Student: 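One structure, as structure tokens, below. Some questions next.
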Amino acid sequence: MWSSGDQTYDVAVVGGGIIGLATAREFLKRHPGLRLIVLEKEDILAAHQTGHNSGVLHAGIYYAPGSLKAQACVQGRSEAIRFCDEHGIKYELCGKLIVALDDTEVPRLMNLWDRAQANGVPDVELVDGDRLREIEPFATGVKAIWSPQTGIVSWSEVARAYAADVREWGGEIRMGAPVSRFESLLTETVVYVDRPDGEQDEIRARYVVTCGGLYSDKLAAMSDPEADDEMKIVPFRGDYYTLRPEKRHLVRGMIYPVPDPEFPFLGVHFTRLINGEVWAGPNAVLAFRREGYKRWDFNFNELSETLSFPGFMKLAGKYWKTGLTEMYRDYVKSAYVSELKRYLPEIEASDLLPGPSGVRAQALRRDGTLVDDFMIQHGNRIAHVRNAPSPAATSSLVIARMIVDDVLDRADLSPSRMYSPAIAAAIGW
Ligand SMILES: Cc1cc2nc3c(=O)[nH]c(=O)nc-3n(C[C@H](O)[C@H](O)[C@H](O)COP(=O)(O)OP(=O)(O)OC[C@H]3O[C@@H](n4cnc5c(N)ncnc54)[C@H](O)[C@@H]3O)c2cc1C
């Protein structure tokens with residue numbers, strides 16, 4: 001719906017994924033009466049990462065102690081559970097095992113154990129092979145971390161519930177609204193939104209926050225052209241298989257490998273979903289299109305931009321073997337199944353049906369290092385979420401609070417300093 005009336009707001013949030021919606025909700029919770037708009041380019045909310053993930057309520061085991069991820073995940077999980085309780089959203093704490101297959105993997109498992117302790121992850125336990133099989137009778141391994149507080153939920157349902165609060169608290173959510181440019185004026189920023197008729201809408205906001213997921217680098221470059229040069233989003237697609245309904249009993253909760261510490265991804269795992277399905281995956285291969293969910297989805301400009309970025313060349317030079325192995329497994333089902341069989345020996349290729357895919361937005365620096373932690377960058381009356389990979393859905397309420405705290409430190413958006421139709425009506429303007 002295109003508005004031709006007053007297009008002036010206190011805050012404009014770009015991106016209708018879980019981070020944008022949580023942030024919009026947090027602004028309105030702090031400042032009822034704030035004139036706020038969320039701009040989302042798609043016709044539905046949670047269309048990308050938020051709607052294409054494993055649906056895990058992570059407990060905070062993996063992350064470097066002291067990192068934003070560690071802090072936000074442990075706290076975010078509790079807050080997400082409280083939010084689900086208050087909003088009648090179904091979730092389940094079905095627990096997760098991180099499994100060391102043999103003695104060579106135990107030192108890496110113990111590093112994770114130390115992290116879990118340092119991060120204050122509740123109720124984690126180290127278990128041996130026998131106890132492991134009591135928890136997951138069809139799994140195998142010599143030792144494991146058992147995290148009974150890890151859970152499952154639909155993150156798109158949570159995001160829609162955030163959106164419902166935004167609307168109820170007076171915020172506006174505009175769909176089909178792709179943002180293509182920002183112009184910084186003395187006291188406000190003009191946000192240009194492309195219209196289907198080829199014209200542009202101009203939205204004026206005192207503060208802008210972008211939460212653009214797979215296009216977060218492009219949105220940052222709209223306010224600072226050099227931003228795109230320093231750091232780019234590399235899209236890593238993850239494909240899932242789903243277990244045939246008659247084989248779902250093979251997995252009670254979640255079974256994860258010990259991840260490679262060099263990579264930000266957790267490795268192919270088994271996850272029970274809140275709708276009862278069981279998924280195996282996701283792997284991690286370079287996506288040839290940022291929002292491309294099929295193996296052959298391709299965008300020439302996006303792919304050549306990734307391949308010509310100096311950071312990508314450095315990354316590929318270092319990890320080309322791992323990258324090729326992942327690609328091989330992606331195209332050859334028997335190779336994918338062999339990997340899964342290491343954790344669940346009874347599984348056969350015929351038990352697995354092709355499943356959905358997700359594309360992760362992973363920020364990569366020019367020097368070839370992957371950005372491990374969440375990252376939020378501030379400019380002139382604008383904040384950009386530059387890196388919000390997993391466990392950002394679990395951490396969304398805490399990330400939103402961090403963003404709003406930072407914005408309020410930089411700008412006075414208190415009701416007394418702003419024009420609000422609600423307040424104006426109340427005081428008789
Ligand atoms: C395969 C996979 C598995 C994962 N598993 C988990 C998990 O189990 N648990 C967990 O906590 N996290 C998980 N994650 C991570 C989690 O899904 C993401 O961290 C989270 O969804 C990020 O939310 P977001 O709002 O930043 O991004 P997104 O959900 O991608 O939203 C960004 C939005 O911005 C919009 N947008 C972009 N550009 C523009 C523009 N120019 N104008 C207007 N709108 C724009 C997009 O259309 C999109 O809707 C997983 C991610 C993937 C991909």
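Note that the coordinates shown come from a computational prediction; the quantities given were computed from them, not determined experimentally. First listed ligand is number 1; within each ligand, the first listed atom is number 1. Numbers here are sequence positions counted from 1.
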Student: Using distance alone, determine whether Glu291 and ligand 1 share an N or O pair under 3.5 Å.
Tutor: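 There is no such contact.
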Student: Judging by distance only, is a nitrogen or oxygen of Tyr240 under 3.5 angstrom from one on ligand 1?
Tutor: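 Looking only at distances, the answer is no, because the N/O contact criterion of under 3.5 Å is not met.
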Student: Which residue pairs satisfy the salt bridge (Lys or Arg N to Asp or Glu O under 4.0 Å) criterion with at least one member in residues 114-126, sequence neighbours excluded?
Tutor: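 For residues 114-126: Glu125-Arg131.
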Student: Could you list the donor-acceptor pairs under 3.5 angstrom formed between side-chain atoms of residues 62-71 and any protein atom two or more places apart in sequence or on another chain?
Tutor:
from  : atom 1 : to     : atom 2 : distance (Å)
Tyr62 : OH     : Lys96  : NZ     : 2.9
Ser67 : OG     : Ala64  : O      : 2.6
Ser67 : OG     : Ala70  : N      : 3.1
Lys69 : NZ     : Asp372 : O      : 2.7
Gln71 : NE2    : Gly66  : O      : 2.9

Student: Does either side chain, that of Gln377 or that of His384, offer a donor lying less than 3.5 Å from an acceptor on the other one?
Tutor: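 Distance-only check fails for Gln377 and His384.
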Student: Does Tyr207 have Arg381 sitting over its ring (NZ/CZ under 6.0 Å from centre, angle to axis within 45°)?
Tutor: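 Because its charged atom misses either the 6.0 Å distance or the 45° angle limit, Arg381 does not stack over Tyr207.
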Student: Can you tell me the protein heavy atom closest to atom 9 (N) of ligand 1 and the distance?
Tutor: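 Checking every protein heavy atom, the shortest distance to atom 9 (N) of ligand 1 gives Val56 O, 2.9 Å.
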Student: Would Asp85 and Tyr91 count as having a side-chain donor-acceptor pair, cut-off 3.5 Å?
Tutor: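 Present: a donor and an acceptor within the cut-off.
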Student: Can you find a non-hydrogen atom of Ala177 under 4.0 Å from ligand 1?
Tutor: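 Contact present.
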Student: Looking only at N/O atoms, are Val14 and ligand 1 under 3.5 Å apart anywhere?
Tutor: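 For ligand 1, there is no N or O atom that lies under 3.5 Å from one belonging to Val14.
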Student: Of all the heavy atoms in Trp155, does at least one lie under 4.0 Å from an atom in ligand 1?
Tutor: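 Checking ligand 1 against Trp155, which is what was asked, there is a heavy-atom contact under 4.0 Å.
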Student: Which of these, Thr50, Ile44, Thr271, has its nearest heavy atom closest to atom 23 (O) of ligand 1?
Tutor: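 That would be Thr50.
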Student: Counting heavy atoms only, which of Val359, Ile18, Thr394 comes nearest to atom 20 (C) of ligand 1?
Tutor: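 Closest candidate by heavy-atom distance is Ile18.
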Student: Could you tell me whether ligand 1 has any atom less than 4.0 Å away from a heavy atom of Pro389?
Tutor: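 Contact check Pro389 vs ligand 1: positive.
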Student: Return the option from Val13, Leu214, Val179 holding the heavy atom at the smallest distance from atom 41 (N) of ligand 1.
Tutor: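 The residue whose heavy atom sits nearest atom 41 (N) of ligand 1 is Val179.
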Student: Tell me if the centroids of the rings in Phe83 and Tyr162 come within less than 6.0 Å of each other.
Tutor: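 Close enough - the centres of the two rings lie under 6.0 Å apart.
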